[in-house]
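This report refers to the structure that appears directly beneath it.
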Amino acid sequence: MGRVLKTFVVLAAIGFLDVVLFDGINYDPVACKEVGVRRAGLHQGKNEAYFLYFFIAHVYDSILNPWHWTDAMRTESLTSGDFNLTSGLKVVDVGAGTGFTTIGVLQQGVAARDVHMLDQSPQQLSKAAAKDELKNVAAIMEGDAENLPQNWTGRFDRYVSAGSIEYWPHPQQAVNEAARVLKQNGKAMIIGPIRATNPISRFFADMWYLFPQEDEYIAWFKSAGFVDVRIHRVTPDWYQEDRTHGLIMGCAVTGTKPKNWKQPQASSSSTATPLPATPTSFVARVRHSALASMLLSLPRFALGSVASVYYAVLPMAIFAKNVYCGGSWLFLLLACLLPVIAALFLEIAPISWQPHGDSEELYKGISDLYDSSSAIWEHVWGEHMHTGYYDDADDADFHDKEWEADKARAAETHAPKVYVDDVVPRTKADHLLAQVRMMEELFRKWDDVASAVASAESQGRTCIRVLDVGCGVGGSSRFLYEKLVQFVAEHGSAIGVEVVGITLSKYQQQRAQVLTHEASVKPGAVDPAMEQHVTFHVKNALHTSFPDEHFDCVWSLESGEHIPGKTVWLREVARVLRPGGSFLCATWCRRDAGPDEGTGENRPLSSNETRLLGRICKNYSLPEFVPLSAYGAAADAVGLKDFAVYKDSWTEAIAPFWPAVISSSLQPSILFKLVFTLSWTTLKGAITAYLMMQGFQTGTLDFGVFAVKKPGALVVRRSGRTRTPAR
């Protein structure tokens, strides 16, 4: 990443020198004076546009359109005036890109067989070709808006171009081409930017690419021979300004080709972008040679990209100002400083953190963290407040019937949105399913469920019981209940199931009750009486107050890291477990600083590792990180057995999750909530996700998993091979 950034900076610097040294002689000064225009933008060229869409084609529909070219804007534009898109018309979409506008044309009733799509970017067109709605269009082809195919003359009833004019070096030539390919009385529509009047926004807009003024659009259309030229202003929902900052998509301009249309004569004064001058000096001739122009396209693209960042941030800033800051730019500036201050605090502030013991300060920190952050986590990730388990191998168990059913349910309830991680591109649904997979994999470690059920029956008990330590909003508790109910039914048992969840967060406990009620009454519920058998309490895991030998299994999924005194905790676990009962735990650990298994040499934590762990502990209210071996020592101390048999590290299996968490927090709606509506505790927690990712990627952190058993034979001995739950 460092090399990429350095290369980008060097290229931008070269582009800057090119602008300073040569842009003054780049264009005909007479033409500039006649039409009163500015220098062409750095991305206003075919090479620069090609570079841009080479990089952003894969996120164009998911990131750019939702801000600047929305469904509502598309419909409003295509239905404005008397453009009249109807069945039977032949339409060409020039600068069609990924086909977003073309789909809008089809929605107006135009048949796909009557639509041609043209763009110069093969990356954009490949995205369009993959869309089902565009499978049957007449043509998807590469081409140049300023030089359309000669056999298209007088061929189309409608010409549409959205979000393309800003890259045209000579827009008048392209508008002339639009008129040429239309039939008599055919209509053209060009949808594009509007130039800013605010001086700061205008500077960045002009530096980036072509932001025309409304009178320039009218001049181009009239010079091309169009009549009845009209402008319809369009605005995205987030924009509540008076258009002073300009818009990337701000107007739809239409014109009609008359019956007596004549081919316009090209002239420098008919174009709002000045035509290239004939270089006079030797240096200028070298600069404007084909080779130099090609080589300098990339530096100019890099510098233009710097300018484009302004218009990437501007809509979010305007939206935040209007929605969260009462329309005040000052309040917005102050609010935006919060994450900067937080980042600086995390990076350079000295760590005053000291390990917490069994203290009220620690427990208050934990409850405050989850009281403030659980709602936004549920909003983004749903009911499961833990990481996901990823396995790209062709695992038969992974694809069994129950997993496919879970996948179908997730697909119905979660619209897929692409996030970027370090392994493979995954959808949001993939990450949600990985969270379910995490519970499935941990549940596998309870390998004598059948014996626990049989033991409960032989003792005349009415149910088997599971304790979920750190239950969050109850997602894992409901999973365990449904899993065990299904298991009991499949094995012909009449025994009941009870799951008890405990948390330090009052918000989580109340929310878990609400979600469990909703799960009980929804159509197709596993058990309409679930809420009577899955209960939640605010309790400390070190002092649960449950009776001795009350549970057949204790489950802890990513909560052990919050609990101080592992030996004290496991002693409490051992107390509430029945003889033969199992304790299943997945938890954040640090790497072991003891002797290396290969070399035998000690590997003490470095100062950077200690600092990283201290920051995470401070911001996530953790007592201190311990290695997985510390849990083994604690288990031995309290008499829990088989730690060495069931211990494991799942660090690689959870690798994609933390990058996905970071990506999700950068979504505009989530970012606004973090900055403007939530607490400092939550904001710190969101930023600390980066430290978590860093810890796992560098090997400082380890995702440890283990299962142990309480000594004592179950009443019913296992005969033959123990059956495990259907997965």
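Contact of the Phe443 side chain with the Met439 side chain is not registered, since no non-hydrogen atoms from C-beta on lie closer than 4.5 Å. In this structure the side chain of Arg591 reaches within 4.5 angstrom of the side chain of Leu605, judged on heavy atoms. At a threshold of 4.5 Å between non-hydrogen side-chain atoms, the residues Pro564 and Leu542 count as touching. For the pair Phe625/Ile616, a side-chain contact is recorded, criterion being any heavy-atom separation below 4.5 Å from C-beta on. Within the 4.5 Å cutoff, side-chain heavy atoms of Phe703 are placed close to those of Val705. Within the 4.5 Å cutoff, side-chain heavy atoms of Val469 are placed close to those of Ile563. Put simply, the side chain of Asp468 does not reach to within 4.5 Å of the side chain of Phe536, judged on heavy atoms. Counting heavy atoms from C-beta on, the side chains of Trp446 and Val466 come closer than 4.5 Å.
Partners of His384 by side-chain hydrogen bond (donor to acceptor under 3.5 Å, both in side chains), not counting sequence neighbours: none found. Looking at residues two or more places apart in sequence or on another chain, you find a ring pair (Phe, Tyr, Trp, His ring centres under 6.0 Å) between Phe546 and Phe551. Applying the side-chain hydrogen bond (donor to acceptor under 3.5 Å, both in side chains) test to Thr462 and every residue at least two apart in sequence or in another chain returns nothing. For Glu457, the side-chain contact (heavy atoms from CB on, under 4.5 Å) partners are Val453, Ser493, Ile495, not counting sequence neighbours. Not counting sequence neighbours, the partners of Lys641 by the side-chain contact (heavy atoms from CB on, under 4.5 Å) test are Pro711. In terms of the side-chain contact (heavy atoms from CB on, under 4.5 Å) criterion, residue partners of Arg575 (sequence neighbours excluded) are, by chain and number, Thr544, Asp548, Glu572. With sequence neighbours excluded, the residues that form a side-chain contact (heavy atoms from CB on, under 4.5 Å) with Pro627 are Arg590, Asp592, Ser629, Ala630. Every residue two or more places apart in sequence or in another chain was checked for a ring pair (Phe, Tyr, Trp, His ring centres under 6.0 Å) with His533, and none qualifies. Remark: Glu498 pairs with Arg465 by the salt bridge (charged side-chain N to carboxylate O under 4.0 Å, His left out) rule, at least two apart or across chains. Every residue meeting the ring pair (Phe, Tyr, Trp, His ring centres under 6.0 Å) condition with Phe583, not counting sequence neighbours, appears here in chain and number order: Trp569, Phe706.
Looking only at atom types and distance, the side chain of Gln508 has a donor-acceptor partner in the side chain of Thr503 under 3.5 Å away. A donor-acceptor contact closer than 3.5 angstrom links the side chains of Gln459 and Ser455.
We find the CD1-CG distance between Ile366 and Asp371 to be 11.5 Å, quoted to the nearest 0.5 Å. Rounding to the nearest 0.5 Å gives a distance of 15.0 Å between OH of Tyr631 and CG of Asp636. Taking CH2 of Trp588 as the reference point, atom OG of Ser559 lies at 10.5 Å (rounded to 0.5 Å). To the nearest 0.5 Å, atoms CZ (Phe479) and CG (Leu557) are separated by 9.5 Å. Note that CG of Leu622 and CG of Leu613 are 10.0 Å apart. Values are rounded to the nearest 0.5 Å. Of the inter-residue distances, the one linking Thr651 atom OG1 with Asp702 atom CG reads 3.5 Å to the nearest 0.5 angstrom.
Distance alone, capped at 3.5 Å, places no donor-acceptor pair between the Glu531 side chain and the Ser520 backbone. The backbone N or O of Tyr646 sits less than 3.5 Å from a side-chain atom of Lys445, completing a donor-acceptor pair. Using modelled atom types, no side-chain atom of Arg478 and backbone atom of Glu383 make a donor-acceptor pair closer than 3.5 Å. Gln435 places no side-chain N or O within donor-acceptor distance of the main-chain N or O of Met385, the cut-off being under 3.5 Å. The closest donor-acceptor contact from the side chain of Lys710 to the backbone of Gly581 lies at 3.5 Å or more, if one exists at all. Judged by distance alone, the side chain of Thr688 and the main-chain N or O of Leu691 form no donor-acceptor pair under 3.5 Å. Under the 3.5 Å distance criterion, the side-chain polar atoms of Arg578 are matched with a main-chain donor or acceptor of Glu549. Within the 3.5 Å criterion, the main-chain N or O of Glu561 finds a donor-acceptor partner in the side chain of Thr587.
Applying the salt bridge (charged side-chain N to carboxylate O under 4.0 Å, His left out) test to pairs two or more places apart or on separate chains, those with a residue in residues 503-519 are Glu378-Arg511.
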side-chain contact (heavy atoms from CB on, under 4.5 Å) between Thr516 and Tyr481, worked out: CA-CA 11 Å; Thr516 303; Tyr481 180 78; over 6 Å; no
Test side-chain contact (heavy atoms from CB on, under 4.5 Å) on Leu484 and Val449; report intermediate values, then the result. CA-CA 9 Å; Leu484 290 169; Val449 183; 3.9 Å; yes
One pair to check against side-chain contact (heavy atoms from CB on, under 4.5 Å): Trp555 and Leu442. What are the steps and the verdict? CA-CA 9 Å; Trp555 165 287; Leu442 185 59; 3.8 Å; yes
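Listed here is the closest heavy atom pair of Val497 and Cys463: N-CB, 3.9 Å. Scanning both residues, Gly472 and Ala512, for their nearest heavy atoms gives O-CB, 4.2 Å. The shortest heavy-atom contact between Lys539 and Ser545 is NZ-OG, 2.8 Å. Closest approach of Leu570 to Val638, counting heavy atoms only: O-CG2, 3.9 Å. Listed here is the closest heavy atom pair of Asp448 and Gly580: OD2-O, 4.0 Å. In this structure, Leu577 and Ser582 approach most closely via the heavy-atom pair CD2-O, 3.5 Å.
Remark: aromatic rings of Tyr390 and His431 are close, center separation under 6.0 Å.
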Without placing hydrogens or testing angles, list every side-chain donor-acceptor pair under 3.5 Å for residues 652-661, not counting sequence neighbours.
none

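Note on Glu440 versus Arg437: no salt bridge recorded, every NZ/NE/NH1/NH2 to OD/OE distance being 4.0 Å or above.
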